[in-house]
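Right, one structure below, let's go through it.
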Number of protein chains: 2
Amino acid sequence: MGHATAAVLVIGDEILSGRTRDANAHLAAQRLFARGCKLLEIAIVPDEVDVIAASIRRLRARADGVITSGGIGPTHDDVTMQALAEAFGVPLVEHAETIARMRAHYGEGWLTPARRRMARLPKGAQPILCARTFIPGAAIGGVYALAGVPEIFASQLEAILSEFGGGASFVREEIEVQAPESAFAEALAALQARHPEVKIGSYPRRCGARPCGSIVITGEDPEQVARVRAEIEKMVQSLA
Amino acid sequence: MGHATAAVLVIGDEILSGRTRDANAHLAAQRLFARGCKLLEIAIVPDEVDVIAASIRRLRARADGVITSGGIGPTHDDVTMQALAEAFGVPLVEHAETIARMRAHYGEGWLTPARRRMARLPKGAQPILCARTFIPGAAIGGVYALAGVPEIFASQLEAILSEFGGGASFVREEIEVQAPESAFAEALAALQARHPEVKIGSYPRRCGARPCGSIVITGEDPEQVARVRAEIEKMVQSLA
């Protein structure tokens, strides 16, 4: 069994400034759900070593596994590895295998200081490799530092997902409803109280001028979810 | 002058389960940037009173103003007002003006317990009103609790934005680069060191099979940003 609970830490000024809309945390949320791993929190913080290190410590204290996105690379704003090392109180060290791999592929002349920087990992960390890049992610103490470039994040995520969840997906079912929430809030609360084994959420929106919405049932057991779905459908029909 | 720094707290199981991709934090990030208010963190947490209350306290300790999204409404999973009251150690009380407005519009018979629930605010909070709904948001002690439905969130956000930032936008300029980050990382780090008045970020991607990317300069003063842009353009041209 992998980590039962997870948190995702997105590192990126570009998201906090509104330049870029996060895609990586959303992908991680979907993939963790599909493995039955409970995602407790997503946090998005700037490219600042102290803030990242404190966030890693805070989230790791809450969740069994923490996935970070971004801040891995050769430029000055790539400080995630340094923050990860700080969070665990270890130094950053050059990862010999990665240097050897770079040397074999590109030759010694290619290995400038900036490029060597990409091969540094917190001492004791395992590299996270994927087919799309030579720059490794790092796994240490239940924290998995992945790249921010979406294609590379996605590829590295697949490489570590077996560490999360039990393999069986959570189950989600949705029921459309053509009524305002206030018309069924009490009935739905009673249903939730009778079925603590599932989680019932209500998401209102507008369908043209009229209030409508979705009622979402989430659980671990498909039969339990189906049973509650049938009860909610009956309740919704009684509204019409 | 409004709040110089901000944090955004998104409340929603539907985002942590990957059902829904956040749009509200992204909109808030863009609008805060346009008002020159620094967004320090975005956090996304589940519909749980204790977690929400703790997150409000944590973020409010870091940022001058905190905007929350979601968990406002009549159903059992709408617990943001309760969490906000807990965070400030005050009780939830019915907001008399909101009740009066509902009564005037819909009549006494409409005011079921579930509907009255929508008019509860933390004691001492100011209602946040917008044209799109009778259900008020709440402002108390630098925390602004807004709805999760994107259209309503957007409308309520405009109603409170004057509390954030100084009105003048941060400035962002971007330069496209057709080279891998490792080719200019050292030069860019030197430029950042010489210009601490702006923030320089590097965002690599692939253009077909070749590495490319964007260099982004962010600052408060358009002239400073333009000056650094010219220096970076010269550096980038020297790569070709």
Side-chain angles (χ1 to χ4, degrees), chain A residues 10 13-23 25-34 38-47 51 55 73-78 112-115 117-118 148-149 151 170 172 181-182 184-186 188-189 192-193 199-206 216 218, chain B residues 10 13-23 25-34 38-47 51 55 73-78 112-115 117-118 148-149 151 170 172 181-182 184-186 188-189 192-193 199-206 216 218:
Chain A
V10 177
D13 289 351
E14 72 279 20
I15 293 168
L16 294 173
S17 72
R19 175 185 179 266
T20 304
R21 186 178 175 194
D22 164 71
H26 180 53
L27 177 68
Q30 294 179 314
R31 301 295 291 126
L32 291 167
F33 186 88
K38 191 170 180 186
L39 178 54
L40 301 180
E41 180 169 340
I42 296 167
I44 306 175
V45 298
D47 304 327
V51 175
S55 300
T75 55
H76 64 278
D77 57 337
D78 291 315
T112 59
R115 286 169 178 147
R117 204 176 122 90
M118 301 189 282
V149 178
E151 297 79 10
F170 289 133
R172 176 167 53 220
E181 281 189 308
S182 56
F184 58 80
E186 283 155 284
L188 201 64
Q192 174 69 85
K199 248 186 159 175
I200 305 173
S202 172
Y203 303 102
R205 56 177 203 282
R206 291 251 153 201
V216 177
T218 310
Chain B
V10 177
D13 289 352
E14 73 279 19
I15 293 168
L16 294 173
S17 71
R19 175 185 178 267
T20 304
R21 185 178 176 195
D22 163 72
H26 181 53
L27 176 69
Q30 294 179 315
R31 301 296 290 124
L32 291 167
F33 186 88
K38 190 170 180 186
L39 178 54
L40 301 181
E41 179 169 342
I42 297 167
I44 305 175
V45 298
D47 304 327
V51 175
S55 300
T75 55
H76 63 278
D77 57 337
D78 291 316
T112 60
R115 286 168 178 148
R117 204 176 122 91
M118 302 188 280
V149 178
E151 296 79 11
F170 289 133
R172 177 167 52 222
E181 281 189 309
S182 56
F184 58 80
E186 283 154 283
L188 201 65
Q192 173 70 83
K199 248 186 159 176
I200 305 173
S202 172
Y203 303 101
R205 57 177 203 280
R206 291 252 151 199
V216 177
T218 310

Tell me, out of A:Ala189, A:Ala185, A:Ser202, A:Ser17, who's got the most heavy-atom pairs with chain B below 4.5 Å. A:Ser17
Going through the checks in order, is the side-chain contact (heavy atoms from CB on, under 4.5 Å) test met by A:Arg172 and B:Arg19? CA-CA 9 Å; A:Arg172 176 167 53 220; B:Arg19 175 185 178 267; 3.4 Å; yes
A:Val10, part contacting chain B, at a heavy-atom distance under 4.5 Å: neither
Distance-minimising heavy-atom pair for A:His76 and B:Ile200: NE2-O, 2.8 Å
Here the pair of heavy atoms bringing B:Gly18 nearest to A:His26 is O-CE1, 3.4 Å
Please classify the contact between A:Val45 and chain B as side chain, backbone, both or neither, with a heavy-atom cut-off of under 4.5 Å. both
Top contributor to chain B interface from A:Glu181, A:Arg115, A:Arg21 [non-hydrogen pairs under 4.5 Å]: A:Arg21
Surrounding NZ of B:Lys38 (heavy atoms of other residues, nucleotides or ligands, distance under 6.0 Å), is the total greater than 12? no
Flag the pair B:Glu186 / A:Thr112 as yes when at least one side-chain heavy-atom distance between them is below 4.5 Å, and no otherwise. yes
Under the criterion side-chain contact (heavy atoms from CB on, under 4.5 Å), I'd like the reasoning laid out for B:Thr75 against A:Tyr203: C-alpha separation, chi angles, the key distance, then a yes or no. CA-CA 9 Å; B:Thr75 55; A:Tyr203 303 102; over 6 Å; no
Distance-minimising heavy-atom pair for A:Ser182 and B:Pro74: N-CG, 3.8 Å
Could you look at A:Ala23 and say if it's the side chain, the backbone, both or neither that has a heavy atom under 4.5 Å from chain B? both
Highest number of heavy-atom pairs under 4.5 Å with chain A: which of B:Asp22, B:Thr20, B:Ile44, B:Leu32? B:Ile44
How long is the straight-line distance from CG of B:Asp13 back to OG1 of A:Thr218, given to the nearest 0.5 Å? 7.5 Å
Specify the closest pair of heavy atoms between A:Ala43 and B:Glu41, including all atoms of both residues, with the distance to one decimal. CB-OE2, 3.9 Å
Closest non-hydrogen atoms of B:Leu16 and A:Ala29, given as atom of the first, atom of the second and distance, are O-CB, 3.6 Å
Chain A: which of B:Ile42, B:Asp77, B:Leu39 shares the most heavy-atom pairs with it under 4.5 Å? B:Ile42
Pick from B:Asp78, B:Asp47, B:Leu188 with the largest number of heavy-atom pairs that fall under 4.5 Å of chain A: B:Leu188
Chain B contact via A:Gln192 - side chain, backbone, both or neither, heavy atoms under 4.5 Å: side chain
Indicate the atoms forming the closest heavy-atom contact of B:Leu40 with A:Pro46, along with that distance. O-CD, 3.3 Å
